[in-house]
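Remember, predicted model here, so these are calculated numbers, not experimental data. A, B, ... follow the sequence lines: proteins, then strands. Residue 1 opens every chain.
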Amino acid sequence: MKQEIFYLILGMSIVTQLPRILPLIILTRISLPPLVTKWLKHIPAAVLSALLLPALLLPGGRLSLSADNTALLSSIPCMLVAVKTKNLFLTVLTGIVFSALLQIFIS
Amino acid sequence: MNKEIIKGLKTAIPVALGYIPIGLAFGVLSSQQGLSYIDVFFMSLLVYAGSAQFIASAMLVSGSAYIAIIITTFLVNLRHLLMSASLSPFLKHISTPLLTLISMGITDETYAAGYSEAASGKATPKFYLGLNGLSQSSWIISTVAGNILGSHITNPEKWGLDFALPAMFIGLLFMQLKNRKDIAVAFASGILSVVFAFIMNNNFNIIAATVIAASIGVCLDK
């Protein structure tokens with residue numbers, strides 16, 4: 001294992017574990033300012049969407065709205081399943097299956 | 001075996017099953033992106049956050065700065081803060097060292113699966129041993145197996161595996177959208193992120209879009 005990769009993993013570990021650990025052990029005593037709490041509540045939807053939309057619209061870094069953009073096409077059944085079932089497992093499975101099928105049709 | 005551990009294990013079954021396809025997909029992609037199974041093992045053990053691991057691996061291959069990877073990881077995983085905070089009123093009877101261990105097992109899935117047991121006020125450390133133990137074991141085994149298999153899979157696109165990450169984002173995002181305000185924030189963030197992608201490097205577009213959109217959300221709250 002490369003040493004620099006280990007430092008990266010360690011850094012990722014620290015920034016991931018602290019938000020998991022600190023509220024649970026501290027928040028019974030101190031509460032955050034309401035404005036901070038409100039801001040934090042918007043983070044999950046904001047960050048997920050900021051990650052998702054470029055992945056769908058900019059495959060390989062270029063804007064693509066055509067029918068050969070398999071990620072964009074696969075996202076449609078995926079979103080329908082997500083809305084209907086609210087089940088992560090089924091949503092991911094639908095996405096993988098549709099994406100694989102589209103690859104067969106295109107190639 | 002202890003009843004509480006068994007209860008935890010039963011609660012973990014859907015979570016552990018759900019991690020298999022996502023874990024395999026991450027493992028395969030991570031091997032294409034140059035990570036070894038040892039890297040993947042430590043990542044799954046120490047970070048244990050699917051979306052962040054996918055992103056880190058993809059950002060590594062695109063040559064992103066480590067600090068950008070770590071900030072993105074922080075923002076992507078900041079949602080755990082709210083989950084951890086929301087569990088705090090129910091787990092006051094558990095000691096701090098054990099709470100620390102329990103909190104390290106919080107993921108979107110274990111949080112959702114274990115919430116009702118926690119809310120009953122009777123969740124025990126042994127319950128969490130079963131829930132978190134089985135869930136994280138499934139994650140570690142799936143990701144490492146995927147990485148080892150990955151060297152034999154030459155084109156993961158053909159198997160649809162490159163879409164596992166966007167699919168997971170879709171699943172997680174739609175679980176977050178509870179009202180029109182959430183939809184507005186998500187919409188703004190997505191559009192900003194795409195626009196910023198043309199003017200920013202190293203995935204800083206994600207960080208900038210998230211910070212601005214969450215602030216827009218706060219303004220909408222008033």
**OP:** Measure Phe196(B) against the heavy atoms of chain A and call it side chain, backbone, both or neither at under 4.5 Å.
**Re:** neither
Original post:
Do you know which of Leu51(A), Ile43(A), Leu40(A) has the most heavy-atom pairs under 4.5 Å to chain B?
Top reply: Leu51(A)
Original post:
Taking Ile102(B), Asp182(B), Ile206(B), Leu220(B) one by one, which has the highest count of heavy-atom pairs under 4.5 Å against chain A?
Top reply: Ile206(B)
**OP:** Could you tell me which portion of Leu35(B) (side chain, backbone, both or neither) has an atom closer than 4.5 angstrom to a non-hydrogen atom of chain A?
**Re:** side chain
**OP:** Heavy-atom pairs under 4.5 Å with chain A are the metric here; pick the option from Val47(B), Asn77(B), Ile216(B) that has the most.
**Re:** Val47(B)
Original post:
Looking only at heavy atoms, what is the nearest atom pair of Ser49(A) and Pro54(A), with distance?
Top reply: O-CD, 4.1 Å
**OP:** Identify which part of Leu165(B) has an atom lying under 4.5 Å from any heavy atom of chain A, answering side chain, backbone, both or neither.
**Re:** neither
Subject >> Heavy-atom proximity to chain B below 4.5 Å, by part of Leu56(A) >> reply: side chain
Original post:
Side chain, backbone, both or neither: which part of Ile96(A) has a heavy atom under 4.5 Å from chain B?
Top reply: both
Original post:
In terms of heavy-atom contacts, does OH of Tyr37(B) have more than 12 from other residues, nucleotides or ligands at under 6.0 Å?
Top reply: no
Original post:
Tell me, side chain or backbone of Leu173(B) under 4.5 Å from chain A's heavy atoms, or both, or neither?
Top reply: both
**OP:** For residues Ile22(B) and Phe54(B), determine if any side-chain heavy atom of one lies less than 4.5 Å from a side-chain heavy atom of the other.
**Re:** yes
Subject >> Gln32(B) (side chain) donor-acceptor with Ile153(B) (main chain) under 3.5 angstrom >> reply: yes
Original post:
Passes side chain to side chain contact (heavy atoms under 4.5 Å, CB included), Tyr115(B) versus Ser86(B)? Steps please.
Top reply: CA-CA 9 Å; Tyr115(B) 186 82; Ser86(B) 82; 4.1 Å; yes
Original post:
Quick one: what part of Leu52(A) sits under 4.5 Å from any heavy atom of chain B, side chain, backbone, both or neither?
Top reply: both
Original post:
Which answer fits Ile20(B), side chain, backbone, both or neither, if we ask what part of it has an atom under 4.5 Å from a heavy atom of chain A?
Top reply: neither
Original post:
Based on non-hydrogen pairs under 4.5 Å, which of Leu48(A), Thr94(A), Leu58(A) is most in contact with chain B?
Top reply: Leu48(A)
Original post:
Counting heavy atoms not belonging to Lys86(A), are there more than 12 under 6.0 Å from its NZ?
Top reply: yes
**OP:** Determine whether the side chains of Ser138(B) and Ser135(B) contain a donor N or O and an acceptor N or O closer than 3.5 Å.
**Re:** no
Subject >> Polar contact flag, side-chain donor to acceptor under 3.5 angstrom, Gln53(B)-Trp139(B) >> reply: yes
**OP:** Sort out for me which of Ile170(B), Thr73(B), Val218(B) touches chain A most, counting heavy-atom pairs under 4.5 Å.
**Re:** Ile170(B)
Subject >> Between Ala55(A), Ala46(A), Ser75(A), Gly95(A), the one whose heavy-atom pairs under 4.5 Å with chain B are most numerous >> reply: Ala46(A)
Subject >> Donor-acceptor pair between Thr11(B) and Glu117(B) side chains, under 3.5 angstrom >> reply: no
Subject >> Atom CZ of Phe187(B): over 12 foreign heavy atoms under 6.0 Å >> reply: no
Original post:
If you tally heavy-atom pairs under 4.5 Å against chain A, which of Val211(B), Leu192(B), Leu81(B) wins?
Top reply: Leu81(B)
Original post:
Who wins among Val47(A), Thr91(A), Ile14(A) for the most heavy-atom pairs under 4.5 Å with chain B?
Top reply: Val47(A)
**OP:** With a 4.5 Å cut-off on heavy-atom pairs, point out which of Leu172(B), Leu177(B), Leu87(B), Ile212(B) contacts chain A the most.
**Re:** Leu172(B)
Subject >> Largest heavy-atom contact set with chain B, pairs under 4.5 Å, which of Ala50(A), Ser99(A), Cys78(A), Ala82(A) >> reply: Ala50(A)
Original post:
When you look at OH of Tyr111(B), are more than 12 heavy atoms from neighbouring residues, nucleotides or ligands closer to it than 6.0 Å?
Top reply: yes
Original post:
Which region of Val15(B), side chain (C-beta onward) or backbone (N, CA, C, O), has a non-hydrogen atom less than 4.5 Å from a non-hydrogen atom of chain A, or is it both or neither?
Top reply: neither
Subject >> chain A contacts, top residue of Ser103(B), Ser193(B), Gly18(B) (heavy-atom pairs, under 4.5 Å) >> reply: Ser103(B)
Original post:
When you check the side-chain N and O atoms of Asp39(B) and Ser36(B), is any donor under 3.5 Å from an acceptor?
Top reply: yes
